[in-house]
Amino acid sequence: MSIEKEKGTYDIIPDDSLVFYSVRKNIEKIFQTYGYFFCETSSIQPEELFKRTIGIASDIVTKEMFYIESDKPRFVLKPEETAPLIFSLFENRLADSKVYEKFFYFTKVYRHEKPQKGRLREFYQYGAESLGDFKKERDGEMILLAEKILNQFGIEDYELNINNIGCKNCRAGYLNLLKDYFKKNQDNLCKDCQRKIDTNTLRIFDCKNENCKKVSLNAPLITDNLCSSCKNDFEELKDFLKENDLSYNVNPYIVRGLDYYEKNVFEFVETGGNLGSQSTLIGGGRYRYKKDNVLKNDITGVGFAGGVERLILSIPENVKKDLKREESCDVYVAHMGGKTFERSLKVVYFLREKGIKTDIFYNEARINKILSLASKKNVKLVLILGEEELSEEKITLKNMETGFQKKIKLDEKILLEEIKTEISNV
RNA sequence: GUGAGUGUAGUUCAAUUGGUUAGAGCUCUGGAUUGUGGUUCCAGCUGUUGGGGGUUCGAGUCCCCUCACUCACCCCA
């Protein structure tokens, strides 16, 4: 092809689109079941928004934004959905609404990174925000909800990691403590890490260098340096998870890359090896949008985001097959042309009117051709209306899974009942 | 952004130290079966070997450039 696409982008077309679409519907259904309301903001957002929320020093802001040619102020393709959504809710006076306080989204986001497995430049994120006071029930529901999504798609190889990254009262103190520790030991750190001491202290924990690992091993941990409020919040979350039989690991090294996170944070990590080195399925936690010249008060809440493509990569093949089936027609009608075609169309229109997913092959074709097509389309039932059936005022109903078939009276109401019972058996 | 690897049919992979017309499975199309699919059998289609340049009598194979993908770092969903 002479026209090249942007790397790290892809098109959603069959068969994969069937899985994608089913995943989307299932996710949205779960959110609604938990009382969350759908939202989606524009893909085009002011750069300023992300600078002030996810942080001027964050990787996303410093090197991963797609800039759009436009008048001032500079606009970017949104790299995440939380900040645009929170600001939109604030502008529309919904940030402290009691009617609407829980929101979900399913939207495209953009990050200019080098693509690899599980990492794209344009990808979908699903996520939720629950605005209001910090409460263990809010955090807990978020985690239950996130896990519910993984379970819905038969994903079993994952771990839940939690941490508390502190708040304005204890976080800065801890960082200073950590900086002092690394400065004392900087001779044993690699050059990269020496540079990180002042700019990106926490990232030293991620270094793969053996010497750095050794130094990190004895470094002070955030979990040992929390203020009483954070400590209490963390314990409450653990209690909640225990009460709800959720197993978790405390991972004091979890770092959130976005500045607005505070206190309890969590991550669902894939352990089945389906995501290569990009193992994070879902990341989330509590956050605080500090009051400034735009926000009149602090906005607090808890939320999470998951990558749709990573989720799909983690879904077992047999589950994907079922999802595809969910998206295909229930009934496919085979006719033999002429009057059988005319009569078949009436059946099709009737069934559609009754909410049965029904389709028909417009052209005249041999029966084995149509059945083969029906099989490829994953339909559950085929109705056959040939000259033979028409002359007896009957229609053949064939279950494509079992192969069982029977002739029934060519009467729409009787047909509908038969179809309903057959479908519910599949 | 840094480093490494791989690019051959729709797809998964072959092709002797460079040697003639680049092959096979699956998919696909048609038939066996003009009223029974998913199994089986038979037949058939599909390629600027990612692109460009170079070396050579001769390049899928060697060299250079470029692009794409993959993996890792980094980071994150």
Check your understanding: So, do Phe304(A) and Phe268(A) have ring centers that fall under 6.0 Å from each other?
Key -> no
Point to revise | Residue pairs involving residues 359-413 of chain A (criterion ring-ring contact (aromatic ring centres under 6.0 Å, His included); sequence neighbours excluded) | key: none
Practice item. Return the value, rounded to whole Å, for the distance between atom NZ of Lys196(A) and atom C1' of C73(B). Key: 10 Å
**Study point:** Strand-adjacent residues in residues 305-317 of chain A, judged by heavy atoms under 4.0 Å from RNA chain B
**Key:** Ala305(A), Gly307(A), Arg310(A)
Exercise for review: Using side-chain contact (heavy atoms from CB on, under 4.5 Å) as the criterion, point out the one residue from Ile44(A), Leu85(A), Thr107(A) that pairs with Lys78(A).
Suggested key: Thr107(A)
Review point. Nearest-Å distance, CE (Met400(A)) to P (G37(B))?
Key: 9 Å
**Study point:** NZ/NE/NH1/NH2 to OD/OE distance under 4.0 Å, Arg52(A) and Asp259(A)
**Key:** no
Revision key, fill the gap. When rounded to whole Å, the OH to P distance for the pair Tyr261(A) and C75(B) reads 17 Å
Exercise for review: Check the distance between U70(B)'s P and Lys7(A)'s NZ and give it to me in whole angstrom.
Suggested key: 11 Å
Check your understanding: Would you call Asp233(A) and Arg286(A) a salt bridge, using N to O less than 4.0 angstrom?
Key -> yes
Point to revise | Sugar-phosphate only, base, or nothing, as touched by Ser375(A) at under 4.0 Å among non-hydrogen atoms | key: base
Check your understanding: Side-chain contact, heavy-atom cut-off 4.5 Å: Glu389(A) with Ile384(A)?
Key -> yes
Review point. Can a salt bridge be assigned to the pair Glu48(A) and Lys51(A) using a cut-off of 4.0 Å between side-chain N and carboxylate O?
Key: no
Study note, to complete from the structure: Separation of A77(B) atom P from Phe304(A) atom CZ, nearest Å, is 12 Å
Exercise for review: Could you please name the option among A77(B), G37(B), C73(B) that lies closest to any side-chain atom of Leu258(A)?
Suggested key: A77(B)
Check your understanding: Where are the stems of RNA chain B, defined as at least 3 consecutive Watson-Crick or wobble G-U pairs with both distances under 3.5 Å?
Key -> B:1-7 with B:67-73, B:10-13 with B:23-26, B:28-32 with B:40-44, B:50-54 with B:62-66
Review point. Are Lys413(A) and Glu417(A) ion-paired here, with the side-chain N under 4.0 Å from a carboxylate O?
Key: no
Exercise for review: Would you confirm whether the ring centroid of Phe104(A) sits within less than 6.0 angstrom of the ring centroid of Tyr36(A)?
Suggested key: no
Point to revise | Rounded distance in Å between the C1' positions of A15(B) and U27(B) | key: 22 Å
**Study point:** G60(B) to A72(B) separation - P atoms, rounded to the nearest Å
**Key:** 33 Å
Practice item. Report the distance from atom NZ of Lys398(A) to atom C1' of G38(B), rounded to the nearest whole Å. Key: 10 Å
Point to revise | Under-4.0 Å salt bridge between Glu388(A) and Lys407(A) | key: yes
Review point. Residues from residues 141-156 of chain A sitting under 4.0 Å of RNA chain B, heavy atoms only?
Key: none
Review point. So which nucleotide from C74(B), G37(B), A77(B) ends up closest to the side chain of Gln125(A)?
Key: A77(B)
Revision key, fill the gap. The residue, His112(A) or Glu6(A), whose nearest nucleotide of RNA chain B is more 5′ is His112(A)
Check your understanding: Does the cation-pi check pass for Lys238(A) over Phe234(A), that is, NZ or CZ under 6.0 Å from the six-membered ring centre and within 45° of its axis?
Key -> yes
Review point. When you compare U48(B) with G10(B), how far apart are their P atoms, in angstrom units rounded to a whole number?
Key: 7 Å
Check your understanding: If you measure from the Lys or Arg side-chain nitrogens to the Asp or Glu carboxylate oxygens, is any gap between Arg138(A) and Glu101(A) under 4.0 Å?
Key -> yes
Practice item. In plain terms, say whether Asp59(A) and Lys63(A) are close enough for a salt bridge, that is, a side-chain N and a carboxylate O under 4.0 Å apart. Key: yes
Practice item. Sugar-phosphate means primed atoms, P, OP1 and OP2; the rest is base. With that split, encode nucleotides 26-35 of chain B 5' to 3' as B, S or - using protein heavy atoms under 4.0 Å. Key: --SSSSSBSB
Review point. Is it true that Arg343(A) and Glu412(A) have a side-chain N and a carboxylate O under 4.0 angstrom from each other?
Key: yes
Study note, to complete from the structure: In terms of heavy-atom contacts, Arg111(A) and Pro79(A) come closest through NE-O, 2.9 Å
**Study point:** Whole-Å distance separating the NZ atom of Lys380(A) from the C1' atom of G37(B)
**Key:** 17 Å
Exercise for review: Pick the P atom in G5(B) and in A9(B), then give their distance to the nearest Å.
Suggested key: 23 Å
Check your understanding: Do NZ/NE/NH1/NH2 and the carboxylate oxygens of Arg310(A) and Glu270(A) come within less than 4.0 Å?
Key -> no
**Study point:** Separation of the P atoms in U6(B) and A22(B), to the nearest angstrom
**Key:** 25 Å
Check your understanding: Expressed as a whole number of Å, how far does the C1' atom of C28(B) sit from that of C65(B)?
Key -> 37 Å
Check your understanding: Looking at C74(B), does its base get a donor-acceptor pair with the side chain of Arg119(A) below 3.5 Å?
Key -> yes
Filtered N/O pairs between nucleotides 50-52 of chain B and protein, under 3.5 Å:
none

Exercise for review: Please state whether the phosphate of C69(B), meaning OP1 or OP2, lies under 4.0 angstrom from any side-chain nitrogen or oxygen of Gln116(A).
Suggested key: no
**Study point:** Ion pair Lys102(A)/Glu141(A), N-O distance below 4.0 Å
**Key:** yes
Practice item. Let me know the distance between CG of Asp16(A) and P of U11(B), rounded to the nearest Å. Key: 13 Å
Check your understanding: Reckon Gly127(A) touches a base, only the sugar-phosphate, or nothing at all at heavy-atom distances under 4.0 Å?
Key -> nothing
Exercise for review: Measure from the side-chain heavy atoms of Lys114(A) and tell me the nearest of C74(B), U2(B), A77(B).
Suggested key: U2(B)
Check your understanding: Which whole number of Å gives the distance between the C1' atom of U8(B) and that of U2(B)?
Key -> 30 Å
**Study point:** Separation of the C1' atoms in G7(B) and U49(B), to the nearest angstrom
**Key:** 9 Å
Study note, to complete from the structure: Partner of Tyr67(A) under side-chain hydrogen bond (donor to acceptor under 3.5 Å, both in side chains), picked from Glu47(A), Arg74(A), His112(A), is Glu47(A)
